[in-house]
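Below, chain A is the first sequence line, B the second, and so on; all start at residue 1.
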There are 4 protein chains.
Amino acid sequence: MPKISDEKRALRRLQILEAAWRCFQSQGLHATTMDDIIKSSKLSAGAVYSYFPSKEELILAAVTTSLGGLRERLEPILAARPPPPPAAFVEQAAEAVVHFTARQTYDLRRLALLGWSEAQRNERLRETMRDFYSGFRDRLADAAGSWKQDGLLRPDASPPDVAKALLAAMLGFVAQSALIGDVDPKDLARGVGDLIRARSDDAP
Amino acid sequence: MPKISDEKRALRRLQILEAAWRCFQSQGLHATTMDDIIKSSKLSAGAVYSYFPSKEELILAAVTTSLGGLRERLEPILAARPPPPPAAFVEQAAEAVVHFTARQTYDLRRLALLGWSEAQRNERLRETMRDFYSGFRDRLADAAGSWKQDGLLRPDASPPDVAKALLAAMLGFVAQSALIGDVDPKDLARGVGDLIRARSDDAP
Amino acid sequence: MPKISDEKRALRRLQILEAAWRCFQSQGLHATTMDDIIKSSKLSAGAVYSYFPSKEELILAAVTTSLGGLRERLEPILAARPPPPPAAFVEQAAEAVVHFTARQTYDLRRLALLGWSEAQRNERLRETMRDFYSGFRDRLADAAGSWKQDGLLRPDASPPDVAKALLAAMLGFVAQSALIGDVDPKDLARGVGDLIRARSDDAP
Amino acid sequence: MPKISDEKRALRRLQILEAAWRCFQSQGLHATTMDDIIKSSKLSAGAVYSYFPSKEELILAAVTTSLGGLRERLEPILAARPPPPPAAFVEQAAEAVVHFTARQTYDLRRLALLGWSEAQRNERLRETMRDFYSGFRDRLADAAGSWKQDGLLRPDASPPDVAKALLAAMLGFVAQSALIGDVDPKDLARGVGDLIRARSDDAP
DNA sequence: GATGAATGAGTCTTCATTCAT
DNA sequence: AATGAATGAAGACTCATTCAT
């Protein structure tokens with residue numbers, strides 16, 4: 001197995017994936033035909049099918065790869081110890097999502113919504129996403145545990161629930177910015193911060 | 001003078017809509033064929049098409065009607081003065097989403113994700129959703145204004161940003177519970193509450 | 001059987017026929033749906049079907065009735081004795097076609113082309129048309145016989161062939177004016193006249 | 001670099017066109033389903049659609065191609081100088097129509113009537129036909145001018161009107177032979193000749 | 001009788017996938 | 001290995017006709 005060939009293969013794969021991202025994002029998963037992707041990738045039908053055996057696999061790969069890229073971006077934020085306090089944390093994670101978008105030919109936020117929808121009827125995709133998001137949530141819970149330890153959260157705070165709230169904020173940021181479009185990470189962080197600075201005796 | 005009463009017409013319409021909800025939610029918007037809906041509605045193709053002129057219209061109606069029902073459920077929560085404090089507010093709104101779901105033959109959360117995805121490529125649906133969600137967010141901003149006035153939020157809090165954060169929490173609750181499935185309104189409220197009770201001097 | 005009812009029936013029939021003419025002429029025979037005709041006639045589906053048991057019958061009636069009207073218009077021209085000489089004859093007949101058109105809500109020429117086409121695949125229509133046109137041609141042969149007797153045509157002229165040529169001129173006038181649109185009866189008569197006045201020794 | 005040669009492509013195209021001609025002519029334009037043509041062409045639906053993007057295009061191509069073939073046949077007759085005298089001219093042109101028919105798998109006369117009818121509601125077809133027939137008529141007017149110059153027509157004859165009369169004779173020949181069926185080019189020529197030899201002082 | 005809602009077979013067209021060259 | 005022409009099952013939608021009210 002010559003090395004060049006492997007490299008070439010990886011390149012080709014990416015070429016197809018990028019074509020798929022472009023198409024999916026502008027037309028949606030189902031309205032995109034294999035022919036659209038084939039044309040956009042500048043390869044032949046046979047070539048594309050030799051890399052991805054079906055449209056479903058291609059969708060799965062497109063989403064999985066995308067999620068993998070995001071995970072890499074998120075990693076340093078999640079790994080920081082001590083973690084940045086909640087509002088800053090949310091802002092940094094939202095920035096990662098936005099920057100990831102800007103860097104590539106595709107918009108992660110729109111692709112995410114497509115993936116969520118598809119996950120409703122695609123078992124494998126659902127599992128992939130569940131793993132990704134619950135893995136992320138576990139890391140958030142770790143961060144919350146750390147905040148609690150540092151006294152940033154009260155002793156009776158529930159890190160898993162804080163993680164749920166923070167994941168909701170993140171997912172909701174993605175949805176909101178794809179659907180309405182006028183939210184940026186700073187807005188979100190400010191809103192979260194304002195809530196954190198609220199008079200706590202009225203919070204049940 | 002129609003041979004069929006307005007009442008009956010409305011009933012038939014609902015019959016089709018319920019069939020559509022059932023199908024959409026179990027198979028997704030595009031994987032559902034008109035024939036699935038026709039069979040499920042126990043009507044003929046022609047009859048279905050006399051109520052909804054195309055699949056696209058049917059999708060639009062299914063989503064719009066659903067959103068309308070949710071709006072009604074949310075109304076009393078949004079209209080309460082003074083509004084319940086943030087965490088309670090979020091809990092009640094999330095409860096409305098969950099209860100709405102339980103009451104009908106369909107799961108609003110799953111349908112919502114399908115709608116978000118479809119809105120990426122359907123202009124009219126996108127507008128409908130943008131109107132709905134930004135209308136909802138405006139009401140959230142009103143509530144935030146009220147909290148500020150009552151001293152629940154600090155004088156320098158930004159109600160629009162708080163609204164963005166709260167909408168994100170709501171949308172994210174929907175996504176998270178459709179994707180992972182183990183969140184309930186109380187978890188969310190507790191997490192939000194824990195954040196609110198956080199030591200604010202570390203919130204930037 | 002009350003007389004009013006019969007009159008009313010005839011009126012209704014005509015009302016439907018006129019609707020059919022309008023639709024056929026603007027959309028063609030097959031692109032016109034029964035619903036178009038029903039709407040245009042201001043009657044109900046059931047009512048229309050009580051007058052004409054199928055679309056095919058309606059087409060047949062529309063064409064037959066139309067042809068009947070034309071026959072009446074043509075009759076005096078065909079019955080004149082001695083008949084007008086060839087060019088004048090052609091002009092008068094063409095005028096009858098054109099005037100017939102102007103008098104009604106429909107354009108006989110366009111309807112004729114639709115009928116010719118339909119006659120290719122509708123046995124009954126084909127027979128109706130064949131009867132009509134060959135009956136007309138027989139009358140033209142009579143006129144040609146008369147011209148021959150009067151010395152207008154040479155003694156060796158063939159009245160049946162002259163009739164074929166004249167029928168061709170008439171049918172061709174209809175087709176040409178529907179397809180190109182810039183022919184009027186006077187043009188046709190002048191052209192025919194110019195040919196008749198040609199130097200006959202070069203005609204084989 | 002296509003896997004299939006241009007030659008083969010042209011052959012396949014013709015294969016489909018011939019299937020379409022067969023079907024159209026026996027069932028009419030609208031009663032012919034794409035499936036009829038697909039079956040008759042021995043190709044698959046997808047293959048047929050890769051050559052003709054819609055039924056309408058196929059109809060247009062069937063008619064246009066057919067007209068093109070006729071034009072070639074007519075060309076030498078129109079190009080002869082001096083042109084044959086009127087009756088001979090008409091006979092030769094009618095022969096061309098008849099022979100064209102015999103040579104192929106289709107009957108040009110029947111197809112022509114279908115095309116005329118369709119042209120009523122199809123803009124592009126109407127233009128194609130108008131161009132074809134008025135182009136042909138222009139050539140007829142040239143011939144008439146030549147006859148006039150040669151003294152075959154009187155000095156006051158109107159070549160454009162003579163062309164209209166001759167085009168009418170040709171179109172009418174097509175219609176008459178499709179509708180009644182007992183006319184041949186010789187009959188037509190004889191009838192025209194008899195008219196030309198008529199006593200001209202009675203022609204207005 | 002009259003109405004018009006309902007029926008459902010039939011149409012055109014698309015598109016994921018294959019396989020001969 | 002690569003190509004892209006071909007396949008054909010499946011989908012959205014229409015419309016002549018019927019029949020319950």
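- Backbone-only contact: B/Arg12 has heavy atoms under 4.0 Å from sugar-phosphate atoms and none from a base.
- With rounding to whole Å, C/His30 atom NE2 is found 12 Å from F/dC15 atom P.
- If you check the side chains of D/Arg110 and D/Gln25, you find no donor sitting under 3.5 Å from an acceptor.
- Defined by atom type and a distance below 3.5 Å, a donor-acceptor pair is missing between the side-chain atoms of C/Thr128 and C/Asp131.
- F/dA2 atom P lies 9 Å from atom NZ of A/Lys8, rounded to whole Å.
- Regarding A/Ile37, its CD1 atom lies at a distance of 8 Å from the P atom of E/dA16, rounded to whole Å.
- No contact: A/Ser50 has no heavy atom under 4.0 Å from any strand.
- In summary, A/Glu57 and A/Arg124 engage in a salt bridge, as defined by a charged side-chain N under 4.0 Å from a carboxylate O.
- Atom CD1 in C/Ile16 sits roughly 14 Å away from atom C1' in E/dT3 (whole-Å rounding).
- Toward the 5' end of DNA chain F, the nearer of the two residues D/Gly46 and C/Gly46, judged by each one's closest nucleotide, is D/Gly46.
- Of all nucleotides listed (F/dT17, E/dT17, E/dT3), E/dT17 comes nearest to the side chain of A/Tyr49.
- Put simply, CD1 on B/Ile38 is 12 Å from P on E/dG8, counting in whole angstrom units.
- Comparing E/dT17, F/dC13, E/dC15 by their closest approach to the side chain of A/Thr33 singles out E/dC15.
- Between D/Ala31 and C/Leu43, the one whose closest nucleotide on DNA chain E sits nearer the 5' end is C/Leu43.
- Taking only side-chain nitrogens and oxygens, D/Tyr51 comes nearer than 4.0 Å to OP1 or OP2 of F/dA6.
- Summarising the geometry, the separation between NZ on C/Lys55 and P on E/dG10 is reported as 16 Å, rounded to the nearest angstrom.
- For the pair A/Leu60/A/Glu56, no side-chain contact is recorded, criterion being any heavy-atom separation below 4.5 Å from C-beta on.
- Nucleotide F/dA20: paired with E/dT3 (Watson-Crick or G-U wobble, both distances less than 3.5 Å).
- Here F/dT3 is the nucleotide among E/dA16, E/dT13, F/dT3 with the atom lying nearest to any side-chain atom of A/Ala47.
- As a whole-Å value, the separation of B/Met34 CE from F/dT14 P is 10 Å.
- Residues D/Arg126 and D/Met129 fail the side-chain proximity criterion, which asks for heavy atoms closer than 4.5 Å.
- Here E/dT7 presents its C1' atom at 14 Å from CG of B/Asp35, a figure rounded to the nearest Å.
- Map C/Ala45 and A/Ser44 each onto its nearest nucleotide of DNA chain F; the residue landing nearer the 5' end is A/Ser44.
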